[in-house]
Amino acid sequence: MALTDKFGRQITDLRVSVTDRCNFRCVYCRSSKPEDHADDVLLAWDEYERLVKVLVGMGIRKVRVTGGEPLVRAGVVEFVARLEALGVADLSMTTNGHLLAERVDALVAAGLNRINISLDSLDPEKFARITRTQSFAQVIAGIEAAQQSPLRPVKVNAVLVRGVNDDEVEAFAEFAREKDIVMRFIEYMPLDADRNWTRDQVVTAAEVHRRISTKWPLMPVVHERSETARRYRFVDGGGEIGLIAPVSQPFCGHCSRIRITADGKMRTCLFSKEDHDLKAVLRSGAGDREIGDAIQAIVDKKEKSHRINEPDFIPPSRTMVYIGG
Ligand code: SAM
């Protein structure tokens, strides 16, 4: 059974947030004020596994484990192993990297295929201001450990915010070349907890491409239609650049993604106005077929596109740390 929405988009990618807790407090994501976390609302590992099992039966091929910070929830490595046993074709994780060096071998043994690590500055002091942590050295160690592991590709993600880290575009490109990694630049989206996002803080993919290609000629890499990133190689060497432009060049027409939040809600778009309770369906004693029907009914409501660029756009009430990036 293929999971398809009413616009004919096939849904093949799932992001599962396993916690809304994070050991970082990135300025473009989390609030400077204390946030509420209620661990008793989270799904149990068995429940996420059940949902993924049903979804794999409906055509989900790629599963990304995320959060919050997925590595702070005890049991996540075993969860990866359970997903691998379900036959997920492409199993990945997004992490801030703080705990990665010590967990990477266990994640590989559990069956993880690839990893995305967030790194928003190459300057330890600026990194500390952005993440409100002193974890720069651990994150670099995490990236190095991932590179030494069989995980491929290792992707490093930077969210660029004008006036904060946009001066580092070329430095990040050099980092990609030196380390022979995939460096991805993500446009800042209106998903920050403190609602400080403004359009003039967005550093567009076009600007990043222009600045990097002025220094080092780039050539496009063929990518899957549903991939979020436009990919480029350096003509003269190793490393790769990925440009993710949800604000300036939305890619909703090819969207193949759905999300499960840590508390068991399904979201059909990062910018959905509402999410859909699967926990209640699970806990009602529903069989796999009923769960599948509930999922299809939710997917039928998947939005044609996000509305960031519409005059009446309202940011979603749940921010990235709750949704799962
Ligand atoms: N803790 C993990 C991490 O740091 O990668 C996974 C969760 S984090 C919410 C997932 C991704 O969302 C990260 O790459 C982060 O930079 C990105 N993100 C968070 N807030 C964002 C925003 N307002 N705009 C664009 N990307 C954002």
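Predicted model, so just to flag it, every value in this text is computed and none were measured. Counting from 1, the numbers follow the sequence of the chain as shown. Remember, it's 1-based here, ligands and their atoms both numbered in the order they're listed.
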*Judged by modelled atom types alone, do Asn96 and Ser118 share a side-chain donor-acceptor pair under 3.5 Å?*
no
Would you mind listing each N/O atom of ligand 1 next to any protein N/O under 3.5 Å, plus the distance?
from, atom 1, to, atom 2, distance (Å)
ligand 1, 1 (N), Gly68, O, 2.9
ligand 1, 1 (N), Glu69, OE1, 3.0
ligand 1, 4 (O), Ser118, OG, 3.3
ligand 1, 5 (O), Thr95, O, 3.4
ligand 1, 5 (O), Ser118, OG, 2.6
ligand 1, 14 (O), Ser118, OG, 3.0
ligand 1, 16 (O), Tyr28, OH, 2.9
ligand 1, 23 (N), Tyr28, O, 2.9
ligand 1, 23 (N), Met189, O, 3.0
ligand 1, 24 (N), Met189, N, 2.9

_Between Glu187 and Ser248, do the side chains contain a donor N or O and an acceptor N or O under 3.5 Å apart?_
yes
*Report yes or no: is the cationic atom of Arg50 (NZ for Lys, CZ for Arg) closer than 6.0 Å to the six-membered ring centre of Trp45, at no more than 45° off its axis?*
no
*Arg64-Ser92 side chain donor-acceptor pair, cut-off 3.5 Å*: yes
*Report the residues that fulfil ring-ring contact (aromatic ring centres under 6.0 Å, His included) with Phe251, sequence neighbours left out, ordered by chain and then residue number.*
none
*Counting only heavy atoms not in Arg177, do more than 12 sit closer than 6.0 Å to its CZ atom?*
yes
